[in-house]
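Quick caveat: nothing in here was measured; it's all calculated off a predicted structure. Note that ligands are numbered from 1 as they come in the structure, with each ligand's atoms numbered from 1 the same way.
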Amino acid sequence: MVLFTVLVTGVLLHSQLQGSLQRQLESSLEGQAGRLATRAAELLDRGDRGPAAAELSELANQLELRITLLDAQGRVQLDSHADAANLGDESRFVEVSKALADGRGKARRKSVLVGRDTLYEAQRLVRADGSVVGVLRLSIGLDSIAQQLAALRARLALGAVAGTLAALLLALYVARRLTIPIKEMTRVAEALGSGDYGRRISQQRDDELGVLGATLNRLGDEITQRIDTISNDDARLRAMLAAMVEGVIAVDQDDRVVFLNDAACQLLNLAAPEAIGRPMWQLLRTAELVRLLEEAHAKGHVVRREIQLQRGSREYTLDAHASPFDGGAATGLVIVLHDVTELRRLERVRRDFVANVSHELKTPLTSIKGYVETLLDGALEDSKNNVRFLEKIAVHVERLAHLVTDLLSLARIESQQGALPREPVDLDALVRKALKRYEEPARGKAVSLSMHGEREPVVVLGDPEALTQVVDNLLDNGIKYTTGGGAVSVRLERHNGVGRLSVTDSGIGIPEEDLERIFERFYRVDKARSREIGGTGLGLSIVKHLVQAMHGNVSVTSRLHEGSRFQVELPLARTPVVLRGVEVVPPAKESASE
Ligand code: ADP
């Protein structure tokens with residue numbers, strides 16, 4: 001701006017000065033011409049050119065002008081700076097022709113003689129009688145004007161440089177005071193806006209900009225504090241949601257997942273990143289879910305439904321609650337999923353149990369009732385049948401007693417809540433005794449019994465009575481479900497720090513789909529057949545409960561029509577035991593690994 005102002009002012013001043021200097025020079029030339037006119041006419045009229053030329057030169061020197069005298073035809077007669085003979089006719093020049101015609105003429109042009117920009121003033125010289133003597137022409141170089149203008153230009157340039165320097169200094173000062181702090185504030189504000197909440201303004205000032213800076217810093221502090229609070233709340237909420245057993249899923253208005261916790265990921269067998277943003281019906285393709293979401297949206301309050309899920313070969317039951325939420329801009333549904341598969345299974349088992357108990361009790365009771373009524377109706381006197389009827393009653397009573405004993409044992413085990421007193425038990429001796437007891441029934445069915453064991457005794461931690469019941473049940477089943485000519489064998493071994501008892505038979509085997517359920521109460525592969533051979537359906541259930549109460553586990557492998565193998569694993573005992581009168585310390589390796 002300063003440079004521009006200086007330039008414009010300079011140009012205006014320059015042309016103004018140039019004009020006024022030229023006008024001054026013109027009027028001074030005009031004045032001189034007026035004063036010299038009479039003398040010039042005399043010099044022209046004089047016949048003697050020599051002294052006239054000398055006088056003219058002197059005059060010109062004094063006045064610092066060039067003086068030329070021309071005749072009435074415009075031919076040069078005398079010239080203060082040149083030889084008149086060399087100049088000749090100059091009537092072609094404007095000033096001369098105008099002076100001859102109008103009395104006065106002026107011009108500005110480059111002089112032929114000196115080659116400089118020159119100002120010319122010509123006046124017609126007239127005698128007293130009115131006849132024209134010639135023309136007096138004064139001329140002066142415009143060098144002085146050029147010099148003055150050059151001086152002006154130099155000053156203007158100096159002024160421009162000084163002004164620009166001053167302007168630069170001022171700009172620097174303004175930048176330091178104003179622009180730099182504003183720029184810093186802009187940067188800090190941008191940083192805050194883009195999430196870099198730690199940025200602050202470093203300069204402390206007491207003016208308005210200082211106040212603005214301090215306000216911006218306070219704003220930064222406030223934002224940081226709020227973000228911290230929000231982050232903490234968010235982290236706490238996420239930790240709580242992550243720790244929840246229930247699956248929690250939040251979906252937006254279009255049922256797209258916006259959040260889901262770890263439990264939900266596990267239940268739906270998903271990874272969180274792949275689920276976020278996807279519609280819920282894509283993740284869980286069940287009609288119940290679609291209905292649940294629709295209902296929750298429509299009713300505007302919590303809706304509950306059970307959802308069946310098939311994952312691999314297993315079926316899951318999820319109890320799903322969907323409740324709408326309205327968080328201002330964010331609305332949608334929160335879905336809470338609770339895995340009730342086990343609960344529903346237990347409910348079913350319990351229902352079946354009650355039905356089974358009733359049924360199991362009813363069958364022998366109906367028979368007993370029938371026989372008693374027959375006896376009362378007169379069969380008592382029938383000496384042929386009365387004893388047979390009573391024997392039948394006895395068989396059914398025996399079955400009832402058996403059933404009730406089994407039920408009581410189950411109830412007792414359950415009431416002890418898995419805490420059976422445990423002591424070191426030599427399985428070898430226990431199994432041998434059991435085999436002895438079953439020799440008779442096995443022989444009756446033509447089933448061979450055998451035992452294979454380790455050379456070292458297998459001493460486990462358990463309750464001798466419970467273990468006897470376990471072995472009896474397994475042997476009983478083995479013999480019961482093996483047809484004549486088959487074999488039942490017991491094997492004892494130590495394996496990976498546990499004592500293992502296996503009862504293998506070459507019997508009818510168990511279909512694969514039933515394997516998982518045979519340990520349930522009353523579960524029987526073939527109800528009629530089991531009942532016929534005196535089974536209650538409780539034996540394996542009792543085995544399982546007893547083994548678990550001794551911190552062991554029981555498993556089964558079986559092939560239909562080929563046979564089954566039941567395996568019971570129990571912790572090995574660490575303490576020495578007295579076996580057949582000899583104190584035996586179980587091998588250290590097994591004890592340690594137990
Ligand atoms: P039960 O008194 O009927 O034998 P359990 O609980 O002992 O009841 O057994 C449950 C069911 O498992 C039996 O009904 C039978 O179908 C099957 N089962 C048990 N042991 C064997 C075995 N060794 N071979 C084949 N099936 C068996």
Side-chain angles (χ1 to χ4, degrees), residues 349-350 352-353 355-364 395-396 398-414 431 434-435 437-438 441-442 444-451 466-491 500-549 553-568:
V349 168
R350 205 161 291 272
D352 290 354
F353 178 71
N356 281 326
V357 168
S358 319
H359 187 73
E360 295 296 329
L361 290 173
K362 203 178 155 215
T363 317
V395 168
H396 287 298
E398 174 70 17
R399 226 178 114 194
L400 276 179
H402 200 158
L403 188 67
V404 173
T405 313
D406 275 359
L407 281 172
L408 281 175
S409 310
L410 258 182
R412 199 171 49 244
I413 302 163
E414 279 190 347
V431 170
L435 283 173
R437 279 197 298 281
Y438 280 90
K445 275 197 77 179
V447 171
S448 73
L449 284 182
S450 61
M451 175 174 169
L467 275 169
T468 307
Q469 211 172 342
V470 167
V471 175
D472 281 1
N473 267 322
L474 292 180
L475 280 176
D476 185 47
N477 277 351
I479 296 165
K480 254 187 341 197
Y481 297 106
T482 302
T483 40
V488 175
S489 67
V490 184
R491 174 176 281 279
R500 184 194 279 168
L501 171 126
S502 332
V503 179
T504 312
D505 64 56
S506 59
I508 58 169
I510 303 161
E512 204 181 327
E513 63 270 22
D514 294 305
L515 277 179
E516 214 174 291
R517 300 195 61 192
I518 55 165
F519 291 99
E520 287 174 16
R521 294 165 208 173
F522 293 116
Y523 191 83
R524 286 174 287 199
V525 177
D526 182 344
K527 276 196 170 53
R529 182 182 191 149
S530 161
R531 206 172 290 137
E532 197 182 299
I533 50 182
T536 59
L538 292 174
L540 284 181
S541 174
I542 292 172
V543 166
K544 187 177 177 185
H545 277 84
L546 287 175
V547 171
Q548 282 178 347
N553 70 66
V554 57
S555 59
V556 60
T557 50
S558 182
R559 263 172 187 275
L560 202 57
H561 311 307
E562 286 181 23
S564 319
R565 168 179 293 168
F566 287 84
Q567 279 190 342
V568 174

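Heavy atoms of Gly537 approach ligand 1 to within less than 4.0 angstrom. Using a 4.0 Å heavy-atom cutoff, Arg521 is absent from the residues neighbouring ligand 1. The closest approach between Phe566 and ligand 1 falls below 4.0 Å for a heavy atom of the residue.
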* CA sep, side-chain torsions, deciding dist, call: Ile518, Phe566, side chain to side chain contact (heavy atoms under 4.5 Å, CB included) -> CA-CA 11 Å; Ile518 55 165; Phe566 287 84; 3.8 Å; yes

* To do: Please lay out, stage by stage, how Lys544 and Glu520 fare under the test salt bridge (Lys or Arg N to Asp or Glu O under 4.0 Å).
  => CA-CA 9 Å; Lys544 187 177 177 185; Glu520 287 174 16; over 6 Å; no

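Per-residue contacts place Gly509 under 4.0 angstrom from the following atoms of ligand 1 (heavy atoms of the residue considered): 25 (C). When each atom of ligand 1 is checked for a heavy atom of Leu538 under 4.0 Å away, the hits are 6 (O), 8 (O). Residue Lys480 has at least one heavy-atom neighbour below 4.0 Å for each of these atoms of ligand 1: 1 (P), 2 (O), 4 (O). Applying the 4.0 Å criterion to heavy atoms of Tyr523 picks out, from ligand 1, the atoms 10 (C), 11 (C).
At most 12 non-hydrogen atoms from other residues, nucleotides or ligands lie less than 6.0 angstrom from CZ of Arg559. Glu513 CD: more than 12 foreign heavy atoms inside a 6.0 Å radius. Residue Arg350 qualifies as open at atom CZ: its count of foreign heavy atoms under 6.0 Å is 12 or below.
Ranked by closest heavy atom to atom 19 (C) of ligand 1, the top entry among Leu540, Leu474, Asp505, Val543 is Leu540.
Looking only at protein heavy atoms, the nearest one to atom 21 (C) of ligand 1 is Tyr481 CD1, 3.5 Å. For atom 3 (O) of ligand 1, the closest heavy atom belonging to the protein is Ser530 OG, 2.6 Å. If you check which protein heavy atom lies closest to atom 12 (O) of ligand 1, you get Ile518 CG2, 3.6 Å.
Considering backbone and side-chain atoms together, Ile510 places no N or O closer than 3.5 Å to any N or O of ligand 1. Any N or O atom pair closer than 3.5 Å counts here, and Val525 shares at least one such pair with ligand 1. In terms of N/O distances under 3.5 Å, ligand 1 is approached by Asn477.
For Tyr523 and Asp352, the side-chain atoms include no donor-acceptor pair closer than 3.5 Å.
Using modelled atom types, no side-chain atom of Asp505 and backbone atom of Val488 make a donor-acceptor pair closer than 3.5 Å.
Ring geometry for Phe353 against Phe522 counts as tilted: the plane angle lies between 30° and 60°, on a 0 to 90° scale.
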